[in-house]
J.: 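The following block contains the structure, expressed as structure tokens.
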There are 4 protein chains.
Amino acid sequence: MKRDRASDGKAELILNAAIAVFAEYGYHKAKMAKIAEVAGVSAGSIYLYYKNKASLLSHIFEMTWEMMIAITSDLTRRRDLTPPEKLDLMVDQHFDLFHLETELARVLVNEHYTWCQLAEARFNACLERYFADIDSLLGEGQRTGIFNPHIAAVTFRHVLFGGMRRLLEVWAGSPDALPIGRIRQDFKVLLKRGVLLP
Amino acid sequence: MKRDRASDGKAELILNAAIAVFAEYGYHKAKMAKIAEVAGVSAGSIYLYYKNKASLLSHIFEMTWEMMIAITSDLTRRRDLTPPEKLDLMVDQHFDLFHLETELARVLVNEHYTWCQLAEARFNACLERYFADIDSLLGEGQRTGIFNPHIAAVTFRHVLFGGMRRLLEVWAGSPDALPIGRIRQDFKVLLKRGVLLP
Amino acid sequence: MKRDRASDGKAELILNAAIAVFAEYGYHKAKMAKIAEVAGVSAGSIYLYYKNKASLLSHIFEMTWEMMIAITSDLTRRRDLTPPEKLDLMVDQHFDLFHLETELARVLVNEHYTWCQLAEARFNACLERYFADIDSLLGEGQRTGIFNPHIAAVTFRHVLFGGMRRLLEVWAGSPDALPIGRIRQDFKVLLKRGVLLP
Amino acid sequence: MKRDRASDGKAELILNAAIAVFAEYGYHKAKMAKIAEVAGVSAGSIYLYYKNKASLLSHIFEMTWEMMIAITSDLTRRRDLTPPEKLDLMVDQHFDLFHLETELARVLVNEHYTWCQLAEARFNACLERYFADIDSLLGEGQRTGIFNPHIAAVTFRHVLFGGMRRLLEVWAGSPDALPIGRIRQDFKVLLKRGVLLP
DNA sequence: AATGAATGAGAATTCATTCAT
DNA sequence: TATGAATGAATTCTCATTCAT
């Protein structure tokens, strides 16, 4: 489930180097030569494992989206949790996913648009599956009378995604400056209860 | 409040062309020659008004942030509105700001990170002022017992910003596909009441 | 004989500005806009008086070469001086010419090659007349048995020119650092007597 | 002592191409693409060996100045020669250095000022060492009563340098038009004896 | 004559990608 | 597989010069 940074595979090695370099410089300023250097291979070797620079980014995103989709997919199918509990767990698992992967989080939030431009088709496929799960979570809550039935799925979906992305963005920018534990609790409360006192 | 796209000023003309081209291609794929063509001036003329490509983006962001800061700044100072009313109005005014400026919205959400990399100092100055106002809005609500006092300003700030940014991002990507009126209502409800029924 | 820096003529004004700017930045880094600024006219106005940037340099060189040729021409024709006295006077008058015109001296020594490239024909015309006078001075001395008859004119000509140019180059680079009076005396001695004691 | 133009090293190949192109067009009109073409490599390859156009010129000058300094440095230290003999040898060796390197000579004399502007620090270091040696040569002759003690080092230094530079300049401009052997003899005589007969 | 905004040709440089070894 | 030297396309920015006013 988690990327094995100590893997012996060259492909893995290179991908991890790409994550580190993209995180530090951003995709457009990142140089293939620097990625090769960090990975400890030659520049030419990258192309034995990845088609080009863009495909490095694609792999990073797809790998991560698979993990994120796995989380939401498992969650929404569970029968032992109420929708609010599922919501809480989803948020927690997302934060856990990136907790030790600051660099990955940085690439994910900063290069989201770059990725969209690269690979619109695949990008849509990932997001659709992801959002379908969130929608079903919301729908379940609305059908059972726990969630506000007036809130459109499209809104909920993007506020959840956008809020979480922003929190990760800020945290990943300076991981030690933010109380990540506190923030995720607040986020869960906000999502469920809003800012108004009842 | 709205940029005058028919302005006689060359600088305005060029900036609007830059917005259009950045919106269509993204900053990195946008060519100065294309911006010049859209603006109806020669490539060299751009440099009479803007130092370089980066400064075009900076101007776009600073112009827009000034407008956004003006909104929040005015709002938070008003004495005729309760904090929840201020929150609603703020969201509405932000959506209004971009309602007819799809391209500007696209640049703003898609190139946020590009801008951060360009001009970290100015970027921080804008965001700090903006977030300070949001914090004061939250603080006012918490002091008067209307808002949940347990929610940290940092969380609220970024969920509000991140949620609104994501909604704008999706809407600006295909403006006709989304019921923008519905979405903003839902967003206001979510922020205030959360997804749970009381 | 000497450039009138307080002249009312725009052409003069512009040429003096060009001298100052070429002296400071060198011909290739000098900008027409800067010359216009220093001259207190608009960039476009320069072109009312001079065909282009190159012609500014040409005018500077030709003006100066006329003065230098006037010196040598007058000198060599004089019947009241012996050849060694003429030589001394020529050196003195050249130094006098540039004594108060550091900037002109700088342009002359630094942009010599630039000028050659621009205007080979005119360049040759100037130098030929100049060198012809020096040759005649040498020839007169050699015929009258005062100067060493074994020294070829071509050598003498260029050593005189090259030595004087180098001294001016160093002096014009930092006018206060060099004892210009001492240097010109030494130069005259070297030319006439050489470095060896008799 | 002589640059090996048939060297296998790409760096050497490129530098020689740069010398040829700088000699033909002058530094400012020389195009990197032309240098690449002459060297038989691609334009991008130049940048594998040299940081930029300016560094090509710097390398040329520093390489040559090292050779010139080597000549003077060795000479001045020799105990088997009198000062006048050293002077003669120095002139001869300088002429020998450039005898088969017309293009190098052209670059050296024509782009001297360009180089000064590029790299003032290194430029000074080279010239200082060079002039120090010439000064010591003069000083030795003056102390031993062979050379005229009234001639300042600064004058001698620059007349020697300036005279030789000018002779090279003229010769390198049209190598076949000048009797280089005759010229160097005359120059040595002029330096030592002057133009006057004793 | 004077202006100075506008032009646009021109060139250095970068860097992802290839391919001979 | 692995290398890394070589490639060359691609693009920003500069600045001398022009010309409508």
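Protein chains get the first letters and strands the later ones, always in sequence-line order, with residue 1 at the start of each. Predicted model only: the values in this text are computed from it and were never measured. We use all heavy atoms of the structure for the numbers below, so side chains are in, but hydrogens, waters and symmetry mates are not.
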J.: Would you mind classifying the nucleic acid contact of B/Tyr50 as base, sugar-phosphate or nothing, using non-hydrogen atoms under 4.0 angstrom?
T.: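 B/Tyr50: no heavy atom of the nucleic acid under 4.0 Å.
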J.: Within this structure, what is the OG1-CZ distance for the pair B/Thr114 and B/Phe61, rounded to the nearest 0.5 Å?
T.: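 CZ of B/Phe61 is found 7.0 Å from OG1 of B/Thr114.
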J.: Quick one: D/Tyr49 OH to E/dT13 C1', roughly how many Å, whole number?
T.: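 Distance check: D/Tyr49 OH to E/dT13 C1' gives 17 Å.
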J.: Grab the OH-P distance between D/Tyr25 and E/dA12 for me, whole Å please.
T.: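 Taking atom P of E/dA12 as the reference, OH of D/Tyr25 is at 13 Å.
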J.: The side chain of D/Leu48 lies closest to which of these nucleotides: F/dA5, F/dT17, E/dT7?
T.: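 The listed nucleotide nearest to D/Leu48's side chain is F/dA5.
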J.: Output the rounded distance in Å from CG (B/Leu13) to C1' (E/dA5).
T.: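 My rounded result for the distance is 14 Å.
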J.: Heavy atoms only, 4.0 Å cut-off, all strands: where does C/Ala30 land among base, sugar-phosphate and nothing?
T.: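 Sugar-phosphate, backbone atoms only, no base.
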J.: Grab the CG-C1' distance between C/Asn52 and F/dC15 for me, whole Å please.
T.: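 Roughly 14 Å, once rounded to whole Å.
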J.: Check for a donor-acceptor pair, side chain of A/Lys53 on one end and backbone N or O of A/Lys31 on the other, with a separation under 3.5 Å.
T.: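 Side chain of A/Lys53 to backbone of A/Lys31: no pair is present.
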J.: Would D/Ser45 and D/Ser42 count as a side chain to side chain donor-acceptor pair (under 3.5 Å) here? Give the steps.
T.: CA-CA 5 Å; D/Ser45 287; D/Ser42 75; 3.2 Å; yes
J.: Quick one: C/Lys51 NZ to F/dT17 P, roughly how many Å, whole number?
T.: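 That distance rounds to 9 Å.
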J.: With distance as the sole test, does B/Glu103 use its side chain to make a donor-acceptor pair with the main-chain N or O of B/Ile19 at under 3.5 Å?
T.: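 Looks like no, no N/O pair under 3.5 Å.
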J.: To the closest 0.5 Å, what do you measure between CZ (A/Arg106) and CD (A/Glu24)?
T.: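 So the gap between those two atoms works out to 8.0 Å.
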J.: Distance check needed: E/dG10 C1' versus D/Lys53 NZ, whole Å only.
T.: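 Whole-Å distance recorded here is 12 Å.
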J.: Only stems of 3 or more consecutive Watson-Crick or G-U pairs count here, both distances under 3.5 Å; name the ones for DNA chain F, or none.
T.: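 For DNA chain F the paired stretches long enough to count as stems (3 pairs minimum) are E:2-21 with F:2-21.
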J.: From NZ of B/Lys10 over to P of E/dA5, roughly how many Å is that when rounded to an integer?
T.: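 Distance, rounded to whole Å: 10 Å.
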J.: Among residues 31-47 of chain B, which contact DNA chain E at a heavy-atom distance under 4.0 Å?
T.: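 Output list: B/Val41, B/Ser42, B/Gly44, B/Ser45.
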